[in-house]
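What follows is a set of notes on a single structure, which appears directly below.
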Amino acid sequence: MGRRKVLVIHGPNLNMLGKRETGIYGDLDYDGLNLKIVEKAGELGLEVEIKQSNHEGELVDIIQSQGSMADVIIINPAAYTHTSIAIRDALLAVNTKVIETHISNIHKREEFRRHSYVSDIAVGSVIGFGPDSYMLALTAAVSI
Ligand code: DQA
C-alpha cells in the first residue's frame, strides 16, 4: 500500500495570508503555511497536494477532478464556507472523507460566519488554532 493521499484546498483570499487582517489570521504568509503543511505531511508519512482558488467554480472543478483520488480532503473553503451549496455538493459527489479547517474561530466572530455548509458533511472540523488548524487536521487525516 502507498502513502495516504491528502488533498489540501484553500479557498478565496487565503493567498493573502500574512497581509490580510493579521490580527485575525496571523503573520504567516501563504507560502509559509504551505511549507509547514508539506513538512508536517512528510513527518506523518502523508502524500500531500495543495490547491488554492479565489473562484467558486474552480474550487468545484478541483474537487471533481482530484477529490476522488485522495483519501482525505482537508478544506478551508474560507468565505464560501458560509455560502456555497456548490462546494458542499461537490464534496458529497466525490465520496472522499472531508476535514473542515479554519484559521480563526468562526463561532467567535460575526453571526454570518457561524453557519457552515461543510461542517455536517465533514468527518470533523478543526477551527480556531491559527495555521496549526491545518497541522491538527493533517494529524487527524492519518487515522480517519
Ligand atoms: C476562514 C474564516 C472565514 O469566515 C473567512 O471568510 C476566511 C477564512 C478562516 O480560516 O478562519 O476567509 O475560513
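Every number for a ligand or one of its atoms is a count from 1 in the order of the listing. By convention here, the first residue in the shown sequence is residue 1.
- For atom 1 (C) of ligand 1, the closest heavy atom belonging to the protein is His102 ND1, 3.7 Å.
- Contact atoms of ligand 1 toward His82: 3 (C), 4 (O) (distance under 4.0 Å to a heavy atom of the residue).
- We find that Arg114 and Glu111 are joined by a salt bridge, their nearest charged nitrogen and carboxylate oxygen being less than 4.0 Å apart.
- Remark: Asp71 engages no residue in a side-chain hydrogen bond (donor to acceptor under 3.5 Å, both in side chains) (not counting sequence neighbours).
- Under the 4.5 Å side-chain criterion, counting only non-hydrogen atoms from C-beta, Ile103 is in contact with Leu17.
- Ligand 1 has an N or O atom lying under 3.5 Å from an N or O atom of Arg20, backbone or side chain.
- Residues forming a salt bridge (Lys or Arg N to Asp or Glu O under 4.0 Å) with Arg4 (at least two apart in sequence, or on another chain): none.
- Ion pairing between Asp132 and Lys40 fails under the 4.0 Å rule for side-chain N and carboxylate O.
- Residue-level proximity to ligand 1 for Asn76 is carried by the side chain, the only part with a heavy atom below 4.0 angstrom.
- Residue-to-ligand polar distances place Ala79 within reach of ligand 1: an N/O pair is separated by less than 3.5 Å.
- Residue contacts with ligand 1 do not include His10, since none of its heavy atoms lies under 4.0 Å from the ligand.
- Of the protein's non-hydrogen atoms, the one nearest atom 8 (C) of ligand 1 is Tyr25 OH, 3.5 Å.
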